[in-house]
Protein chains: 2
Amino acid sequence: MVILPYITKGRYLVLKKNFSNYKKRANIMKAMAHPVRLLILDHLSKGEMCVCEINELVSLDQSTVSKHLAVLRNAGIVEDEKRGMKVFYTLKTPCVLKYLDCVEGVIRAN
Amino acid sequence: MVILPYITKGRYLVLKKNFSNYKKRANIMKAMAHPVRLLILDHLSKGEMCVCEINELVSLDQSTVSKHLAVLRNAGIVEDEKRGMKVFYTLKTPCVLKYLDCVEGVIRAN
DNA sequence: GTGATATATGGCAATATTACCATATAGTAT
DNA sequence: ATACTATATGGTAATATTGCCATATATCAC
């Protein structure tokens, strides 16, 4: 008996309930899978930063950085806290950086 | 002195050499960041599988599964070996599944 | 109140991803 | 050789991502 974990909605995939965990996991990984966002996470691993500091890390429009932060925030990877005019971001689950060891391993192996 | 790790090519980002590691890492994570590919990796963690077996895991066109496997292969996450008519896939760096602990942590924390 | 600073959001265009179908390639059997 | 099975690739359409610009919102200083 073959288990079919997916049904399609239009042309795109929707996971059946039993398999929705794969979708949740993929969403979190997708949130991390961007060079700018990895750079941000890497710097946040050393401690909280305000958006103004994060902005200085990359030569991108302020609105673009803000949207990258929103992706990380919506995925539950970082938290924000407003203090005065500034918003400070922190890693909510610092383990997200552990993947780096492995990803580095993949790079070395190739 | 602010370091600007990115230059833009057209409307899209290109990493400067010193920061290209973030791009490499992001590419590997992006290759993993899809529910079908996570499902495949999860099953491969139990041992090699031929494409015909992988095809039975999901209700997707054979060509679609083949393309997902190509994404994993091109990222250096899996290896393929042809034996007779069949192609067997194996995890090249089994640690890629370790991230799951952490990703689960993010899910639980939210 | 006005003005300056810090951050977020709406809109849109360029690009990337992902699905399917059709077809190509390779091995095996007859 | 033909026929069949297993897998990969080209094409294309729907959708998603990502950048910038313009604008909105919120806080602080005056």
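For clarity, every value in this text was computed on a predicted model and none was experimentally measured.
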Looking at the side chain of [X], which of [options] is the nearest nucleotide?
X: His68(A); options: dT9(C), dC20(C), dT18(D); answer: dT18(D)
X: Val51(A); options: dG19(D), dT7(C), dC20(C); answer: dT7(C)
X: Ser66(A); options: dA8(D), dA19(C), dT9(C); answer: dT9(C)
X: Lys30(A); options: dT17(D), dT17(C), dC21(D); answer: dT17(D)
X: Met85(A); options: dT9(C), dA8(D), dC28(D); answer: dC28(D)
X: Lys86(B); options: dT7(C), dT7(D), dT9(C); answer: dT7(D)

Just how far, in rounded Å, is [atom2] of [N] from [atom1] of [X]?
X: Met49(A); N: dT7(C); atom1: CE; atom2: P; value: 11 Å
X: Glu81(B); N: dA6(D); atom1: CD; atom2: P; value: 18 Å
X: Asp80(B); N: dT25(C); atom1: CG; atom2: C1'; value: 15 Å
X: Leu72(B); N: dA8(D); atom1: CG; atom2: C1'; value: 15 Å
X: Leu60(B); N: dC21(C); atom1: CG; atom2: P; value: 11 Å
X: Met29(B); N: dT17(D); atom1: CE; atom2: C1'; value: 17 Å
X: Leu69(B); N: dT9(D); atom1: CG; atom2: P; value: 11 Å
X: Lys82(A); N: dT25(D); atom1: NZ; atom2: P; value: 12 Å

Practice task
For Tyr89(B), answer base if it contacts any base atom (sugar-phosphate contacts may also be present), sugar-phosphate if it contacts only those atoms, and nothing otherwise; contact means non-hydrogen atoms under 4.0 Å.
Solution key: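 Sugar-phosphate, backbone atoms only, no base.
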
Practice task
Could you check whether Lys67(B) gets within reach of a base, just the sugar-phosphate, or nothing at all, counting any heavy atom under 4.0 Å?
Solution key: base

So, OP1 or OP2 of [N]: does either fall under 4.0 Å of a side-chain N or O from [X]?
X: His34(A); N: dG19(D); value: yes
X: Arg83(A); N: dA6(C); value: no
X: Thr64(A); N: dT18(D); value: no

Handout entry: Asp42(A)/Leu38(A) under side-chain contact (heavy atoms from CB on, under 4.5 Å): CA gap, chis, key distance, verdict
Key = CA-CA 6 Å; Asp42(A) 205 7; Leu38(A) 286 184; over 6 Å; no

Problem - Side chains of Asp61(B) and Val65(B) in contact at under 4.5 Å (non-hydrogen atoms) - result: no

Exercise for the section: State the CG-CD1 distance between Leu44(B) and Ile77(B), to the nearest 0.5 angstrom. Expected result: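 Nearest 0.5 Å value for the CG-CD1 distance: 11.0 Å.
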
Practice task
Give a yes/no verdict on a cation-pi contact between Arg73(B) and Tyr89(B), requiring under 6.0 Å between NZ or CZ and the six-membered ring centre and an angle within 45° of the axis.
Solution key: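 No - Arg73(B) does not lie over the ring of Tyr89(B) by the 6.0 Å and 45° rule.
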
Problem - No-H, no-angle donor-acceptor pair, Gln62(B) side chain to dA8(D) base, under 3.5 Å - result: yes

Problem - Under 3.5 Å donor-acceptor, Glu53(B) side chain and Cys50(B) backbone - result: yes

Handout entry: Short N-O contact, Glu48(A) and Lys86(A), less than 4.0 angstrom
Key =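 A salt bridge is absent here (no side-chain N lies under 4.0 Å from a carboxylate O).
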
Fill in the blank from the handout: Judged by nearest nucleotide, the residue sitting upstream toward the 5' end of DNA chain D, Cys50(B) or Ser63(A), is Cys50(B)

